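I'd like to ask some things about the structure below.
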Amino acid sequence: MTQDDEKWMRMAIEVARSKGSDPSTSPLGSVIVLDGRVLSAERNQTEELPDATAHAEMMAIRRACEGEGELELRGATLYSTLQPCGMCTMASIWSKVGRVVYGAGRDDVHPMYFEARHVDTLGFIADAYRNDIVIEGGCLREECAGLYYPPDADLPKEEQANL
């Protein structure tokens, strides 16, 4: 990780916090950067839209592609405060993002934030049709994990997504 990675992840954390600090709202933030230029910065918007696909990474990819007038984001880095889910990982692959950097991983937060069957999104990257995408986790891990419920939080089942 570089100082630039930390700088952009801090921006993603700010974007996530723009939704509030309640971990039940899944305050995710995502920023896409290309050559030192922010292409997009988005947070989860699933409840507001309402749209189950409006995850922070999906929204950031949509806005970056719209802004660039391009389908592909080759050479860009996607920063996410939480390890991307399967849908967002596949969108990263299909949009040809060159690199994904995330903060907290699945073991750093409550299982409710991930698919119940524990799909390994890192495996998606390893098995992708292309070999020019890199994924790196743990950038500002503790700060990012602080946005979410901890792994051992005792939450009522009705308040847990994905479980």
Side-chain angles (χ1 to χ4, degrees), residues 1-34 38-67 73 76-93 95 97 99-122 124-125 135-163:
M1 299 291 162
T2 68
Q3 285 184 333
D4 279 345
D5 289 334
E6 289 186 8
K7 169 186 166 182
W8 300 122
M9 187 60 74
R10 287 189 198 291
M11 179 183 277
I13 291 169
E14 264 184 54
V15 170
R17 286 188 177 139
S18 73
K19 187 174 183 175
S21 59
D22 184 348
S24 69
T25 64
S26 297
L28 273 84
S30 185
V31 174
I32 298 180
V33 177
L34 178 63
V38 175
L39 302 183
S40 62
E42 296 287 336
R43 61 178 171 76
N44 265 14
Q45 298 171 48
T46 54
E47 294 294 324
E48 299 91 323
L49 288 181
D51 179 352
T53 69
H55 290 195
E57 301 93 336
M58 298 291 288
M59 298 303 293
I61 289 169
R62 287 176 188 152
R63 298 302 170 251
C65 289
E66 288 169 359
L73 299 171
T77 299
L78 182 149
Y79 293 90
S80 180
T81 55
L82 186 61
Q83 180 180 333
C85 71
M87 174 181 65
C88 295
T89 299
M90 291 307 292
S92 298
I93 291 169
S95 66
V97 166
R99 185 170 171 243
V100 176
V101 176
Y102 66 87
R106 68 181 317 124
D107 294 333
D108 301 317
V109 299
H110 195 276
M112 72 175 271
Y113 298 107
F114 290 93
E115 293 85 357
R117 298 211 184 266
H118 305 291
V119 174
D120 180 10
T121 57
L122 301 180
F124 284 173
I125 297 292
I135 190 163
E136 298 177 67
C139 183
L140 302 179
R141 178 187 313 267
E142 289 181 20
E143 288 179 54
C144 290
L147 295 167
Y148 313 105
Y149 288 118
D152 57 353
D154 186 21
L155 304 172
K157 281 276 191 201
E158 60 273 5
E159 291 184 30
Q160 298 180 42
N162 293 325
L163 295 179

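Bear in mind that the values here come from a model prediction, so they are computed numbers and not experimental data. The figures that follow rest on heavy atoms only: side chains count, while hydrogens, waters and symmetry mates do not. Quick note: residue numbers are just sequence positions, from 1.
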Test side chain to side chain contact (heavy atoms under 4.5 Å, CB included), reference L78, set L39, I61, V101, output is I61
By side-chain hydrogen bond (donor to acceptor under 3.5 Å, both in side chains) - contacts of E6 (at least two apart):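 Listed in chain order: nothing, the list is empty.
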What donor-acceptor contacts under 3.5 angstrom involve side-chain atoms of residues 144-156, with partners at least two apart or in another chain?
from, atom 1, to, atom 2, distance (Å)
Y148, OH, P27, O, 3.2
Y148, OH, T81, OG1, 2.5

Practice problem: Go through the steps for V31 and V38 under the test side-chain contact (heavy atoms from CB on, under 4.5 Å), then give the verdict. | Solution: CA-CA 7 Å; V31 174; V38 175; 4.1 Å; yes
Scanning both residues in full, the closest heavy-atom pair of A52 with T46 reads O-CG2, 4.0 Å
Scanning both residues in full, the closest heavy-atom pair of S92 with S95 reads O-OG, 3.3 Å
Atom pairs and distances, side-chain donor-acceptor, residues 8-18, under 3.5 Å, sequence neighbours left out:
from, atom 1, to, atom 2, distance (Å)
R10, NH1, E143, OE1, 3.0
R10, NH1, E143, OE2, 3.0
S18, OG, V15, O, 2.6

So, using side-chain contact (heavy atoms from CB on, under 4.5 Å) as the criterion, who are the partners of T2 when residues are at least two apart?
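D4, D5.
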Worksheet entry | Worked verdict on Q83 versus I135 for side-chain contact (heavy atoms from CB on, under 4.5 Å) | CA-CA 10 Å; Q83 180 180 333; I135 190 163; 5.6 Å; no
Residue set satisfying side-chain hydrogen bond (donor to acceptor under 3.5 Å, both in side chains) with T53, at least two apart, ordered chain then number -> D51, R62
Contacts of Y102 meeting side-chain hydrogen bond (donor to acceptor under 3.5 Å, both in side chains) (sequence neighbours excluded), chain-then-number -> none
If you measure from OG on S80 to CD on E57, what distance do you get to the nearest 0.5 Å?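 It comes to 3.5 Å.
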Practice item. Using a cut-off of 6.0 Å, state whether more than 12 heavy atoms not belonging to E136 lie near its atom CD. Key: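 More than 12 within 6.0 Å, yes.
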Q. Closest approach of L49 and A54, non-hydrogen atoms and distance?
A.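 Heavy atoms only, the tightest pair is CD1-CB, 3.6 Å.
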| task | Would you please name every residue forming a side-chain contact (heavy atoms from CB on, under 4.5 Å) with E48, sequence neighbours left out? | result |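 Counting only residues at least two positions away or on another chain, E48 forms a side-chain contact (heavy atoms from CB on, under 4.5 Å) with K19, R43, Q45.
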Interatomic distance, CE@M58 vs SG@C85, rounded to 0.5 Å, equals 8.0 Å
Ignoring hydrogens and angles, tell me if any N or O in the side chain of N44 forms a donor-acceptor pair with the backbone of A56 under 3.5 Å.
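Judged by distance alone, yes, a pair lies under 3.5 Å.
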Across all chains, not counting sequence neighbours, the side-chain contact (heavy atoms from CB on, under 4.5 Å) partners of A60 are S30, I32, S40, E42
For E66, which residues count as a salt bridge (charged side-chain N to carboxylate O under 4.0 Å, His left out) partner, sequence neighbours excluded?
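Scan of E66 (salt bridge (charged side-chain N to carboxylate O under 4.0 Å, His left out), adjacent residues dropped) gives R63.
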